[in-house]
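Computed from heavy atoms alone, side chains included, the values below leave out hydrogens, waters and symmetry copies. It should be emphasised that the depicted structure is a prediction, and the values quoted were computed from it without experimental measurement.
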Number of protein chains: 2
Amino acid sequence: MVQNKDVEPRPRGRPRAYDPRAALRQAIDAFWKTGYSGTSLDEISAATGMNRPSLYAAFGDKHTLYLKALEQYWQLSLVSMREALADPDESLNAALMRLYDGQLSIYFSGDGRPRGCFAIGTATTEAVEDPEIRKALAEGVHMLDSDLEARLQMAQDKGELKDGADPAALAMLASAMLHTIAIRARAGIPRSELREIARKAVSVICG
Amino acid sequence: MVQNKDVEPRPRGRPRAYDPRAALRQAIDAFWKTGYSGTSLDEISAATGMNRPSLYAAFGDKHTLYLKALEQYWQLSLVSMREALADPDESLNAALMRLYDGQLSIYFSGDGRPRGCFAIGTATTEAVEDPEIRKALAEGVHMLDSDLEARLQMAQDKGELKDGADPAALAMLASAMLHTIAIRARAGIPRSELREIARKAVSVICG
DNA sequence: CTTATTTTGTACCATACCGCATAAAATCCT
DNA sequence: AGGATTTTATGCGGTATGGTACAAAATAAG
């Protein structure tokens with residue numbers, strides 16, 4: 001089914017039955033619902049269609065599989081957020097709403113119930129006793145902080161903010177807003193309501 | 001060891017070896033570190049000093065035990081927050097800082113590593129697939145929202161907020177700030193830093 | 001066609017887990 | 001003292017879990 005892309009020389013032995021990238025996405029889906037501890041390798045095996053030895057060969061044990069899933073999620077998520085903040089001609093208000101709308105699309109994606117942010121929703125629990133997950137969580141959070149602060153700084157430089165505004169403080173509020181939305185999505189608050197509080201928060205932030 | 005308080009008529013059979021309230025607190029401590037799925041009944045048994053049948057007799061199965069722990073935590077937490085917001089003569093700024101300082105004390109309590117908010121840190125993960133936990137999480141979050149909104153409304157009535165401020169929006173930001181602090185505490189961000197972002201956020205909120 | 005190489009699929013092992021059955025222990029009541 | 005009652009303590013049973021051994025399958029190279 002899968003054609004060899006480009007000039008990739010066909011590897012030596014039996015070909016893989018499943019695409020590792022798709023499998024990782026499906027593993028993310030599995031962890032996303034019930035968390036790291038709450039998801040068994042059998043469930044991941046079912047979600048990916050790979051049996052456990054293949055899973056193990058491709059991604060290592062459960063812990064490293066989860067770390068890879070987390071890293072992959074942060075990448076996708078940050079790409080989406082940076083796209084939202086990228087256009088320098090867009091107003092701060094519009095850029096922030098694009099960011100929140102993009103994340104809401106992620107939080108409410110998938111077949112089952114709304115599952116919020118994968119990282120906030122699953123890594124936070126493990127972070128206390130697991131140094132690697134804690135580090136990955138902290139780094140992801142910090143990335144967003146930095147991007148937002150840069151965007152807020154830009155807004156201030158362009159005179160979009162009221163005098164005396166503190167871009168770093170406003171960036172932290174914008175970041176906090178995303179975190180509370182991530183939590184509330186998992187708590188069952190409807191999407192429309194979350195978008196509404198995002199809208200109000202953006203109003204306050206933009207002054 | 002335990003004297004019968006007041007006129008409590010000593011119950012009939014063998015006396016309990018452990019105080020159920022203290023045991024529930026210790027069960028909370030156990031769940032707090034590693035979450036619902038990540039904590040075994042053996043660990044809870046060790047933490048409380050009760051063996052499993054006693055645990056089961058006192059609190060029911062693991063799920064109902066966790067629900068009781070969650071409910072107890074919300075109560076303690078909300079009591080602390082309401083105390084912080086209660087004094088009508090205090091400035092909004094001071095009241096909010098009292099609230100954040102009180103919660104930070106909780107988030108950084110205990111012997112081990114900082115563990116943030118019990119509810120945010122452990123219920124969020126389970127909330128997607130567990131209706132009861134989801135409900136308890138949503139109710140707790142909503143309680144804080146309501147209290148903050150009432151306090152912000154009071155501030156506006158007293159003329160503490162700038163004209164045109166939206167108390168509900170500001171309350172949501174204050175709530176979001178607590179949520180992000182809860183997450184960041186688990187992610188390993190030091191307490192001093194969290195207090196600093198709380199201070200800045202309060203500055204913005206109070207105008 | 002045979003051999004080398006890699007992946008798959010089945011099955012297994014040791015342990016962990018939750019819940020409970022049952023007996024011993026500690027107290028109250030008569 | 002003896003029976004009634006409640007809790008504790010030990011331990012078991014059935015299942016789930018993470019990880020792996022091993023043989024069969026699928027492909028490339030010779």
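- The listed nucleotides are dC18(C), dG19(D), dT8(D); the one nearest the side chain of Arg52(B) is dC18(C).
- The side chain of Pro53(B) sits closest to dA21(C) out of dG19(C), dA21(C), dT10(C).
- For the residue pair Arg186(B)/Thr125(A), the side-chain donor-acceptor check at 3.5 Å is not satisfied.
- In this structure, the NZ atom of Lys62(A) is 15 Å from the P atom of dA16(D), given to the nearest Å.
- Atom CZ of Phe59(B) and atom P of dC20(C) are 17 Å apart (whole Å).
- Look at CD1 on Ile44(A): it is 17 Å from P on dA16(D), rounded to the nearest Å.
- Contact annotation: Arg16(B) side-chain N/O to dT7(D) OP1/OP2 distance is under 4.0 Å.
- Nearest-nucleotide mapping onto DNA chain C: of Arg14(B) and Gly38(B), the residue sitting toward the 5' end is Gly38(B).
- One finds no side-chain N or O of Ser54(A) lying less than 4.0 angstrom from the OP1 or OP2 phosphate oxygen of dT7(C).
- At a threshold of 4.0 angstrom between heavy atoms, the contacts of Thr39(A) are confined to the sugar-phosphate backbone, with no base atom among them.
- Residue Ala17(B) has its side chain nearest to dT8(D) when only dG19(C), dG19(D), dT8(D) are considered.
- Here the side chain of Pro15(A) is nearest to one of dC18(C), dA24(C), dA26(D), namely dA26(D).
- Close to dC18(C), at under 4.0 Å from its OP1 or OP2, lies no side-chain N or O of Tyr56(B).
- dC17(C) atom P lies 13 Å from atom OH of Tyr36(B), rounded to whole Å.
- Here the C1' atom of nucleotide dA16(C) and the CD atom of Glu43(B) are 11 Å apart, to the nearest Å.
- Aromatic ring pairs are classed by plane angle as parallel below 30°, tilted from 30° to 60° and perpendicular above 60°; the pair His63(A) and Tyr36(A) is perpendicular.
- Listed nucleotides: dT8(C), dG19(C), dC18(C). Nearest to the side chain of Tyr18(A): dT8(C).
- For Gly13(B) and Ala57(B), each mapped to the nucleotide of DNA chain D holding its nearest heavy atom, the one lying further toward the 5' end belongs to Gly13(B).
- Looking at heavy-atom distances under 4.0 Å, Arg12(A) makes contact with a base.
- A salt bridge links Arg184(A) with Asp145(B); the closest basic N to acidic carboxylate O contact falls under 4.0 Å.
- Applying the 4.0 Å criterion to OP1 and OP2 of dG9(C), one finds that Asn51(A) has a side-chain N or O inside that range.
- Of the possible polar contacts, one joining the Asp61(A) side chain to the Thr64(A) backbone as a donor-acceptor pair under 3.5 Å is found.
- Asp19(A) places its CG atom 12 Å from the P atom of dT8(C), with the value rounded to the nearest Å.
- Here dT8(C) presents its P atom at 6 Å from CE of Met50(A), a figure rounded to the nearest Å.
- Side-chain atoms of Ser54(A) and Asn51(A) include a donor-acceptor pair closer than 3.5 Å.
- At a cut-off of 3.5 Å, with distance as the only test, no side-chain donor of Thr34(B) or Arg115(B) sits close to an acceptor on the other residue.
- Spacing between atom CG of Leu41(A) and atom C1' of dA14(C) amounts to 16 Å, rounded to whole angstrom units.
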